[in-house]
Undergrad: 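Following this message is one structure expressed as structure tokens.
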Amino acid sequence: MAESLEVTVGGRAVRVSHPDKVYFPRRGFTKADVVRYYQSVSDGILRALKDRPTTLERYPDGVDGESFFQKRAPKNLPDWIPTGRISFPSGRYADEICPAEPAAVLWAANLGCLTFHPWPVRRGDTEHPDELRIDLDPQPGTGYADAVRAALALRDVLDGLGLTGWPKTSGGRGLHVFVPIAPDWTFTQVRRSAIAVARELERRDPGRITTSWWKEERGAKIFVDYNQTARDRTIASAYSVRPFPHAPVSAPLRWDELADAVPEDFDLGTMPARFAELGDLHATMDRHPCRLEAALELADRDEREHGLGDLPYPPEHPKMKGEPKRVQPSRAKK
């Protein structure tokens with residue numbers, strides 16, 4: 001077995017240690033396969049991560065071993081990989097890596113990073129998101145086809161608010177839709193916009209879509225996880241490898257292929273050929289930032305006319321002004 005190999009991308013060589021270590025036993029994919037995968041989609045993964053503070057989801061012994069999320073930049077970070085300082089809801093802060101060239105992705109993959117979790121901000125302004133991210137999460141009794149139906153309905157909602165969504169598979173059973181926005185709003189305002197979008201989607205199909213934070217109230221529906229826009233919540237980037245036995249990846253899609261594509265189509269083995277043929281389907285996403293005035297007006301109207309205010313934050317988030325009680329409904333009744 002080779003002790004190391006050298007992989008070059010973007011004019012920079014990256015040393016890969018123990019390249020033959022098996023990361024996905026079911027498929028036989030090794031660390032070298034993961035690194036070469038990221039080399040093959042380097043333009044796409046860099047577009048998704050460029051200048052964004054990024055949390056690393058590391059599996060140094062493969063998907064069957066222990067894993068951890070690394071928020072703070074490793075101590076052995078090369079001087080050619082910049083960092084960005086982000087603050088957590090607790091008031092603490094961290095300096096996270098901000099990939100500026102594709103070699104940074106390969107360097108992280110050598111540390112066992114499979115999935116990259118970028119913040120929706122750039123290192124130059126970490127207080128104002130430039131993406132509104134919508135997570136369509138299938139609940140028990142539903143599946144990917146239900147998420148597709150919800151995504152197509154979501155597209156109509158977004159269009160009505162002057163917003164353009166860019167869909168991708170989550171790498172699991174769900175779908176993500178990213179909306180590029182001008183960095184003119186706070187995390188709280190972006191989350192408020194996401195809630196307004198989610199509520200409008202739920203109104204249009206209440207039998208299939210829910211915004212209920214409490215699992216006991218969701219039923220067999222697609223949950224629109226609005227809290228993925230809360231500060232310190234991140235979503236796996238496009239092209240990230242997901243830590244499941246079959247080595248799936250989060251795949252950017254065109255709207256016109258959404259109905260026919262299935263998550264199993266996109267994995268460590270198949271994505272390089274797709275990328276070589278089609279390139280990065282979301283390459284132009286950042287060139288068309290949208291504005292949130294219409295979504296925020298919808299949020300105001302919901303509150304003014306229907307009494308619909310804020311929704312619960314994640315449990316670890318500090319209590320926010322105007323937030324309802326974080327008490328599970330069944331416990332509240334007791």
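Only this structure's heavy atoms are used, side chains among them; waters, hydrogens and symmetry mates stay out.
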Undergrad: Start with the C-alpha distance between Asp310 and Lys321, add both sets of side-chain angles, then the distance that settles salt bridge (charged side-chain N to carboxylate O under 4.0 Å, His left out), and finish with yes or no.
TA: CA-CA 9 Å; Asp310 204 353; Lys321 182 180 179 180; over 6 Å; no

Undergrad: Do Phe88 and Val190 belong to the same hydrophobic cluster, where Ile, Leu, Val, Met, Phe, Trp and Tyr are linked whenever their side-chain heavy atoms lie under 4.5 Å apart, directly or via other members?
TA: no

Undergrad: Output, in order, the C-alpha distance, side-chain angles, deciding distance and verdict of side-chain hydrogen bond (donor to acceptor under 3.5 Å, both in side chains) for Asp135 and Tyr226.
TA: CA-CA 7 Å; Asp135 181 8; Tyr226 58 87; over 6 Å; no

Undergrad: If you group Ile, Leu, Val, Met, Phe, Trp and Tyr by side-chain heavy-atom gaps below 4.5 Å, do Leu311 and Phe187 land in one group?
TA: no

Undergrad: Give me the atom names and distance for the closest heavy-atom approach of Phe275 to Asp43.
TA: CZ-CB, 4.1 Å

Undergrad: Using every non-hydrogen atom in the two residues, find where Ser250 and Thr169 come nearest and quote the distance to one decimal.
TA: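 Closest approach of Ser250 to Thr169: OG-O, 2.5 Å.
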
Undergrad: Verify, without hydrogens or angle tests, whether Trp255 (side chain) and Leu152 (backbone) share a donor-acceptor contact under 3.5 angstrom.
TA: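 No; judged by distance alone, with no hydrogens or angles, the pair does not exist.
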
Undergrad: Cluster question for you: counting only ILVMFWY and a side-chain heavy-atom cut-off of under 4.5 Å, with indirect links fine, are Val9 and Leu77 together?
TA: yes

Undergrad: In the structure I gave you, are the side-chain heavy atoms of Thr210 and Val224 within less than 4.5 Å of one another anywhere?
TA: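 They are not in contact (no side-chain heavy atoms under 4.5 Å apart), so the answer is no.
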
Undergrad: Looking at OG of Ser17 and CG of Asn110, how far apart are the two atoms once the value is rounded to the nearest 0.5 Å?
TA: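 If I round to the nearest 0.5 Å, the distance is 4.0 Å.
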
Undergrad: Working note: Leu136 + Ile134, criterion side chain to side chain contact (heavy atoms under 4.5 Å, CB included); need CA distance, chi angles, decisive distance, verdict.
TA: CA-CA 6 Å; Leu136 300 174; Ile134 300 171; 4.2 Å; yes

Undergrad: Using distance alone, with no hydrogens and no angle criterion, decide if Arg52 and Ser237 have a side-chain donor and acceptor under 3.5 Å apart.
TA: no

Undergrad: Between Lys221 and Ile209, is there a side-chain heavy-atom distance shorter than 4.5 Å?
TA: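 Ile209 does not reach Lys221 side chain to side chain.
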
Undergrad: Hey, any chance Val7 and Val41 share a hydrophobic cluster, counting ILVMFWY side chains that come within less than 4.5 Å of each other, even indirectly?
TA: yes

Undergrad: So, Asp280 and Tyr239: side-chain donor and acceptor under 3.5 Å apart, yes or no?
TA: yes

Undergrad: Go through it in stages, so that I can follow the logic: the residues are Glu96 and Thr54, the test is side-chain hydrogen bond (donor to acceptor under 3.5 Å, both in side chains), and I'd like the CA-CA distance, side-chain angles, deciding distance and then a yes or no.
TA: CA-CA 6 Å; Glu96 296 199 352; Thr54 300; 5.8 Å; no

Undergrad: Might you point out which heavy atoms bring Gly84 and Cys98 nearest each other, and give the distance in Å?
TA: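 Taking every non-hydrogen atom into account, N-SG, 3.2 Å.
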
Undergrad: Measure across Pro252 and Ala238 and return the closest heavy-atom pair with its distance rounded to 0.1 Å.
TA: CG-CB, 3.7 Å

Undergrad: Taking NZ, NE, NH1 and NH2 as the nitrogens, is one of them in Arg204 or Asp156 under 4.0 Å from a carboxylate oxygen of the other?
TA: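 Salt bridge absent between Arg204 and Asp156.
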
Undergrad: Just how far is it from atom CG of Asp95 to atom CZ of Arg72, taken to the nearest 0.5 Å?
TA: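 Asp95 atom CG to Arg72 atom CZ measures 8.5 Å (nearest 0.5 Å).
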
Undergrad: Kindly compute the distance separating CG (Leu106) from OG (Ser42), expressed to the nearest 0.5 Å.
TA: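 The CG atom of Leu106 sits 8.0 Å away from the OG atom of Ser42.
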
Undergrad: Any salt bridge linking Glu101 with Arg47? Criterion: basic side-chain nitrogen under 4.0 Å from a carboxylate oxygen.
TA: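 Salt bridge: no.
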
Undergrad: Run Tyr37 and Val241 through side chain to side chain contact (heavy atoms under 4.5 Å, CB included) and show every step you take.
TA: CA-CA 9 Å; Tyr37 161 76; Val241 180; 3.6 Å; yes

Undergrad: Counting N and O atoms only, with roles assigned by atom type, does the side chain of Thr30 sit under 3.5 Å from a partner on the main chain of Asp33, one being a donor and the other an acceptor?
TA: yes

Undergrad: Before giving the answer on side chain to side chain contact (heavy atoms under 4.5 Å, CB included), spell out for Lys31 and Val22 the whole-Å C-alpha distance, their side-chain angles and the decisive distance to 0.1 Å.
TA: CA-CA 6 Å; Lys31 179 196 273 195; Val22 176; over 6 Å; no

Undergrad: Considering all heavy atoms of both residues, which atom of Ser193 and which atom of Leu292 are nearest to each other, and what is their separation?
TA: OG-CD1, 3.7 Å

Undergrad: Please determine whether the number of non-hydrogen atoms from other residues, nucleotides or ligands lying under 6.0 Å from atom NE2 of His246 exceeds 12.
TA: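 Check passes, neighbour count above 12.
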
Undergrad: Find the distance between CD (Glu57) and SG (Cys113) and round it off to the nearest 0.5 Å.
TA: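 Between atom CD of Glu57 and atom SG of Cys113 there are 7.5 Å.
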
Undergrad: Under the side chain to side chain donor-acceptor pair (under 3.5 Å) test against Arg192, which residue among Asp302, Thr186, Asp300, Thr229 passes?
TA: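 The passing option is Asp300.
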
Undergrad: Does Asp205 reach the side chain of Leu201, with side-chain heavy atoms less than 4.5 Å apart?
TA: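 Not touching, per the 4.5 Å side-chain cut-off.
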
Undergrad: Counting only N and O atoms by type, is there a donor-acceptor contact under 3.5 Å from the side chain of Glu277 to the main-chain atoms of Arg274?
TA: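 No, the answer is negative, given that no donor and acceptor are paired below the 3.5 Å cut-off.
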
Undergrad: Does the side chain of Trp185 come within less than 4.5 Å of Arg291's, by heavy atoms?
TA: yes

Undergrad: Starting at CG of Asp232, measure out to OG of Ser90 and round the result to the nearest 0.5 Å.
TA: 8.0 Å

Undergrad: Would a 4.5 Å heavy-atom cut-off, applied to side chains only, mark Asp265 and Thr270 as touching?
TA: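 When only atoms from C-beta onward are counted, Thr270 and Asp265 do not touch, as no gap falls below 4.5 Å.
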
Undergrad: Is there a chain of hydrophobic side chains (I, L, V, M, F, W, Y, each step under 4.5 Å between heavy atoms) that links Phe69 to Phe116?
TA: no

Undergrad: Which heavy atom of Leu298 sits nearest a heavy atom of Ala196, and at what distance?
TA: CD2-O, 3.7 Å

Undergrad: When you look at CZ of Arg304, are more than 12 heavy atoms from neighbouring residues, nucleotides or ligands closer to it than 6.0 Å?
TA: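 Result for CZ/Arg304: enclosed.
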
Undergrad: According to the interplanar angle, ranging from 0 to 90°, do the rings of Phe29 and Phe24 count as parallel (below 30°), tilted (30 to 60°) or perpendicular (above 60°)?
TA: perpendicular

Undergrad: Check for me whether Arg191 meets the cation-pi criterion with Tyr313, that is, NZ or CZ under 6.0 Å from the six-membered ring centre and within 45 degrees of the ring axis.
TA: yes

Undergrad: How about Pro53 and Arg122: do any of their side-chain heavy atoms sit closer than 4.5 Å?
TA: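 No, too far: nothing below the 4.5 Å cut-off.
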
Undergrad: Do the non-hydrogen side-chain atoms of Trp166 and Val177 ever get within less than 4.5 Å of each other?
TA: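 No. Closest side-chain heavy atoms not under 4.5 Å.
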
Undergrad: May I ask you to say whether Arg199 pairs ionically with Glu202, meaning some side-chain N is under 4.0 Å from a carboxylate O?
TA: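 Between Glu202 and Arg199 there is no salt bridge, as every charged N stays at least 4.0 Å from the carboxylate O atoms.
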
Undergrad: Does Thr55 form a side-chain hydrogen bond (donor to acceptor under 3.5 Å, both in side chains) with Lys71? I'd like the steps, not just the answer.
TA: CA-CA 5 Å; Thr55 298; Lys71 295 184 177 182; 5.9 Å; no

Undergrad: Cation-pi between Arg173 and Tyr144: NZ/CZ under 6.0 Å from ring centre and within 45° of the ring axis?
TA: no

Undergrad: Examine distances only and state if a side-chain atom of Tyr23 and a backbone atom of Pro243 form a donor-acceptor pair shorter than 3.5 Å.
TA: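 No; zero donor-acceptor contacts below 3.5 Å.
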
Undergrad: So does Glu66 have more than 12 non-hydrogen atoms from other groups sitting under 6.0 Å from CD?
TA: no

Undergrad: Would a 4.5 Å heavy-atom cut-off, applied to side chains only, mark Arg123 and Arg85 as touching?
TA: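 A side-chain contact under 4.5 Å is absent here.
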
Undergrad: For Arg231 and Ser87, indicate whether the former's side chain and the latter's backbone hold a donor-acceptor pair under 3.5 Å.
TA: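 Such a contact is found between Arg231 side chain and Ser87 backbone.
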
Undergrad: Could you please spell out the steps behind the side-chain hydrogen bond (donor to acceptor under 3.5 Å, both in side chains) verdict for Arg233 and Gln228?
TA: CA-CA 5 Å; Arg233 285 299 180 99; Gln228 292 291 13; 4.5 Å; no

Undergrad: Both conditions, 6.0 Å and 45 degrees, for the charged tip of Arg133 above the ring of Phe178: are they met here?
TA: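 Because its charged atom sits under 6.0 Å from the ring centre and within 45° of the axis, Arg133 does stack over Phe178.
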
Undergrad: For the backbone of Phe68 and the side chain of Gln70, can you confirm whether one donor and one acceptor N or O come within less than 3.5 Å of each other?
TA: no

Undergrad: Check the pair His317, Met320 against side chain to side chain contact (heavy atoms under 4.5 Å, CB included), reporting the backbone distance first and the verdict last.
TA: CA-CA 8 Å; His317 199 286; Met320 299 293 284; 3.5 Å; yes

Undergrad: Drop me the distance from Ile81's CD1 to Arg12's CZ, to the nearest 0.5 angstrom.
TA: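 Ile81 atom CD1 to Arg12 atom CZ measures 8.0 Å (nearest 0.5 Å).
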
